[in-house]
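This report refers to the structure that appears directly beneath it.
Note that this is a predicted model, so its numbers are computed, not measured.
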Amino acid sequence: MAIAGPIEALLGVTLLGAFLVFLAPDEWAGKLATAVSLVPVAITLWMYSVFDGAGNALLGGTLAFESNLGWVSLGRYDVAWQVGLDGISMPLLLLATVLTTLALVSSWTPIDERESQFYGLMLLMEASLIGVFTALDFFLWLVFWEAVLIPMYFLIGVWGGPRRKYAAIKFFVYTNVATLIMFVGFMALVFGLGDSISSFGMPEITQALREGGNLSAVAGIQPANLTLIAFTLMFAGFAVKVPVFPVHTWLPDAHVEAPTPVSVMLAGVLLKMGTYALLRFNFTMLREVAQANAAIIVAFGVLSIIYGAMLALAQQDLKRIVAYSSISSMGYVIVGLIAFTPHGFGGATFQMVAHGLISGLMFMTVGVIYNETHTRMVGDISGIADRMPWTVGIFVAAAFGYMGLPLMAGFAAEYLIFQGAFSSTVIPAAPLVTAIAMFGIVIVAGYLLWAMQRTLFGEYSLATDYEVSRAPVHDVAPLVVLLALVIALGVRPGLVYQMIQDAVNPLVEPLMYGGVGLW
C-alpha cells in the first residue's frame with residue numbers, strides 16, 4: 001500500500017508555505033500566502049477530477065489516495081499514518097482549500113498589521129483542516145482536530161475586535177472541553193472492544209462495533225449502557241463544534257470579534273468539522289444508538305433551526321445575523337443525518353458544502369461593506385446600493401441563496417434534507433417534524449429581507465464619517481467566485497452529489513435505499 005501521495009503533498013506544501021510566510025516581510029506576505037494556497041487548490045481539483053473511491057471509508061469502501069504507514073504503538077494498539085478519501089470527505093477537502101484561498105484574498109484590505117504572522121496562521125489552519133478531513137486513524141485525526149484550535153485562537157485574539165481576548169478564550173475553552181468529553185466517550189468504546197481491535201484505525205473500530213457482540217463491560221458498565229454513554233459523550237462534544245442549541249453561545253462572540261477572513265473560515269469550514277465528526281462517529285459507528293434516540297436528536301436539530309433563526313431576527317449587527325443563521329443552517333444538517341435515509345444523509349453532507357460556500361460569501365460581503373462604511377449596524381447604514389452596486393448585488397444574491405432560491409446550492413441541499421426527513425421511518429411523526437423544520441425558511445426570509453431593506457435600499461445615510469465608494473477589485477473578486485460556485489452547485493448538484501450518495505448509501509439498510517438516483 002502506498003505510503004506517500006497527494007494528501008501528503010497537500011500537507012507538505014501548506015506547512016512549508018506557512019513557514020515561508022512567517023519569515024516573509026509584511027508587505028508581501030499576503031500575496032505570497034495566496035500564491036502558496038493556490039497549489040493545494042490545484043492539487044485538490046486534480047484529485048477531484050481523477051477521484052476513484054467507492055463506498056464509505058469506514059465501512060470497507062475503496063479509498064482514493066490512501067496511505068498507511070506505521071507510526072507508534074500505545075500498549076497493544078498501533079497508531080498509524082492512515083489517510084484517504086471517500087465521497088464524503090472529498091467535497092469537504094475541496095471546500096477547505098478553495099475557501100482558504102478566497103479568504104486570503106479577502107484579507108488584503110482589512111489586515112494591515114503583523115501580516116506575515118496572520119497569513120502564516122491561516123495556512124497552518126488550512127493544513128490542520130486538510131488533516132481532519134483525510135485522517136482515518138483516530139489519534140492522527142485527533143492531532144489535526146486539536147491543531148485547528150491553535151491558529152484560530154490567535155487569529156481571533158490578536159486581530160479581532162474590542163472583545164477579542166474574551167471571544168478567543170471562550171472559543172478555546174468551549175471547544176477544548178468538548179474535545180475532552182468526546183475523547184472520553186470514544187475511548188470507552190475502545191476499551192470495551194478490548195482484543196477485538198489492534199489499532200486506532202477508524203475503519204477497524206467501526207466494523208468491530210457494527211458486527212455486534214464485540215463489546216464487553218467497562219468499569220462495571222454493561223455494553224448496552226456503554227454504547228449509550230459513549231454516544232452521548234461524543235454527541236455532546238461534537239455538538240459544541242457544530243454548534244447545536246444550547247451549546248452555541250461561543251459562536252456569535254467568536255464571529256463578531258474575529259476579522260472577516262477568519263469568520264469566513266470559521267463558518268465555512270470549521271463548523272463542518274462538527275457535523276463531519278457526527279456523521280463519521282455517531283451515525284456510522286453507533287447507528288443503532290442513534291436510531292433508538294432519534295426523537296431526542298431531531299429535537300435538537302429542529303430547536304437549533306427555529307431558535308437560531310429567531311435570534312438572528314432580533315439582531316442589529318449584520319455579522320451577528322449571519323452568525324445566528326449558521327446555527328439554524330447546521331440544524332438542518334442534524335435533521336438530515338438522523339433521518340437515516342439516502343437523501344437525508346446525502347442532503348446533510350451536501351448542506352455542509354453549500355452552507356460553507358453561502359455563509360462564507362455572506363460574511364465576506366458583510367466584511368466588504370464594513371471596509372467601506374466602518375459599521376455593521378443595521379440602523380447606521382441605508383441606501384448604499386447605488387454606491388456599492390457589485391457588492392450589494394452579490395449580497396442580495398447570497399441572501400436569496402440562504403433563503404433556498406431554486407438553482408442555488410442552498411435550495412438543492414434543503415430540498416434533499418426535507419425529502420429525506422419526510423420519508424424517514426426513524427424520526428417519529430416525520431412529516432410533522434419536517435414541516436416544522438421547513439418553517440425555519442420563512443423566518444430566514446423575514447430577517448434577511450428586513451436587514452437588506454434597511455441597509456441596502458432607500459435614501460442614502462451613514463452614521464460614520466467615511467466616504468462610501470465602490471470596493472476594490474480584489475475585494476469583489478472572491479465574492480464573484482463564491483457566487484459562481486453557489487450557482488454552479490445549484491444548477492448541477494451532481495458535481496458532488498453523486499460521489500456523496502455513493503459514500504452515504506452504505507450507511508442505510510439496503511432495503512431502504514434501493515434504486516435511489518437523483519441528479
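Closest heavy-atom contact between G360 and L482: C-CD1, 3.9 Å. The minimum heavy-atom distance linking T179 with W145 is given by the pair OG1-NE1, 3.1 Å. For L507 against F340, the heavy-atom pair with the smallest separation is O-CD2, 4.4 Å. Nearest approach of V366 to R376, heavy atoms of both residues: CG1-CD, 3.9 Å. Across A135 and V83, no two heavy atoms sit closer than the pair CA-CG1, 4.0 Å. Of all the heavy atoms in D502 and G53, the pair that sits closest is OD2-O, 4.1 Å.
Checked against a 6.0 Å centroid threshold, the rings of F281 and F186 count as neighbours. The ring of Y307 has its center closer than 6.0 angstrom to the ring center of H248.
Geometrically, K241 does not engage W250 in a cation-pi contact, judged by NZ or CZ lying under 6.0 Å from the ring centre and within 45° of the ring axis.
More than 12 heavy atoms of other shown residues, nucleotides or ligands fall within 6.0 angstrom of atom CE in M187. Within a 6.0 Å sphere centred on CD1 of I296, other residues, nucleotides and ligands contribute 12 heavy atoms or fewer. Residue Y276 qualifies as enclosed at atom OH: its count of foreign heavy atoms under 6.0 Å is above 12.
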| field | Audit row: V262, F118, side chain to side chain contact (heavy atoms under 4.5 Å, CB included) steps and yes/no | value | CA-CA 10 Å; V262 178; F118 176 88; 3.9 Å; yes
| request: Applying side chain to side chain contact (heavy atoms under 4.5 Å, CB included), run through F138 and F183 and close with a yes or a no. | output: CA-CA 10 Å; F138 175 74; F183 180 79; 3.8 Å; yes
| request: Evaluate ring pair (Phe, Tyr, Trp, His ring centres under 6.0 Å) for F51 paired with W46, printing each intermediate quantity in order. | output: CA-CA 8 Å; F51 180 82; W46 171 79; over 10 Å; no
| said: Please evaluate residues T97 and S37 with respect to the criterion side chain to side chain contact (heavy atoms under 4.5 Å, CB included), reporting the C-alpha separation (whole Å), side-chain torsions for both, the decisive distance (0.1 Å), and the verdict. | reply: CA-CA 7 Å; T97 57; S37 72; over 6 Å; no
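Between Q117 and F154 there is no side-chain heavy-atom pair separated by less than 4.5 Å. At least one side-chain heavy atom of S325 sits less than 4.5 Å from a side-chain heavy atom of Y447. Side-chain contact between H255 and L251: present, with at least one pair of heavy atoms (C-beta onward) separated by less than 4.5 Å. Under the 4.5 Å side-chain criterion, counting only non-hydrogen atoms from C-beta, L286 is in contact with M234. You'll find the side chain of L93 reaches within 4.5 Å of the side chain of M47, heavy atoms only. Between N56 and V504 there is no side-chain heavy-atom pair separated by less than 4.5 Å. At a threshold of 4.5 Å between non-hydrogen side-chain atoms, the residues H355 and Y402 count as touching. Between Q222 and L226 there is no side-chain heavy-atom pair separated by less than 4.5 Å.
Ion pairing between R164 and D253 fails under the 4.0 Å rule for side-chain N and carboxylate O.
Taking CG of N282 as the start and OG1 of T275 as the end, the distance is 12.0 Å to the nearest 0.5 Å. For the atom pair L279 CG and F238 CZ, the distance stands at 11.0 Å (nearest 0.5 Å). Considering CD of E66 and CG of L85, their distance stands at 10.0 Å, rounded to 0.5 Å.
No donor-acceptor contact under 3.5 angstrom links the side chains of W159 and E113, judged on distance only. Using modelled atom types, one finds no donor on one side chain facing an acceptor on the other under 3.5 Å when comparing Q207 with R210. Using modelled atom types and a 3.5 Å distance limit, the side chains of T349 and Y497 yield no donor-acceptor pair. Using a 3.5 Å distance cut-off with no hydrogens or angles, the side chains of Q82 and S67 do not pair a donor with an acceptor.
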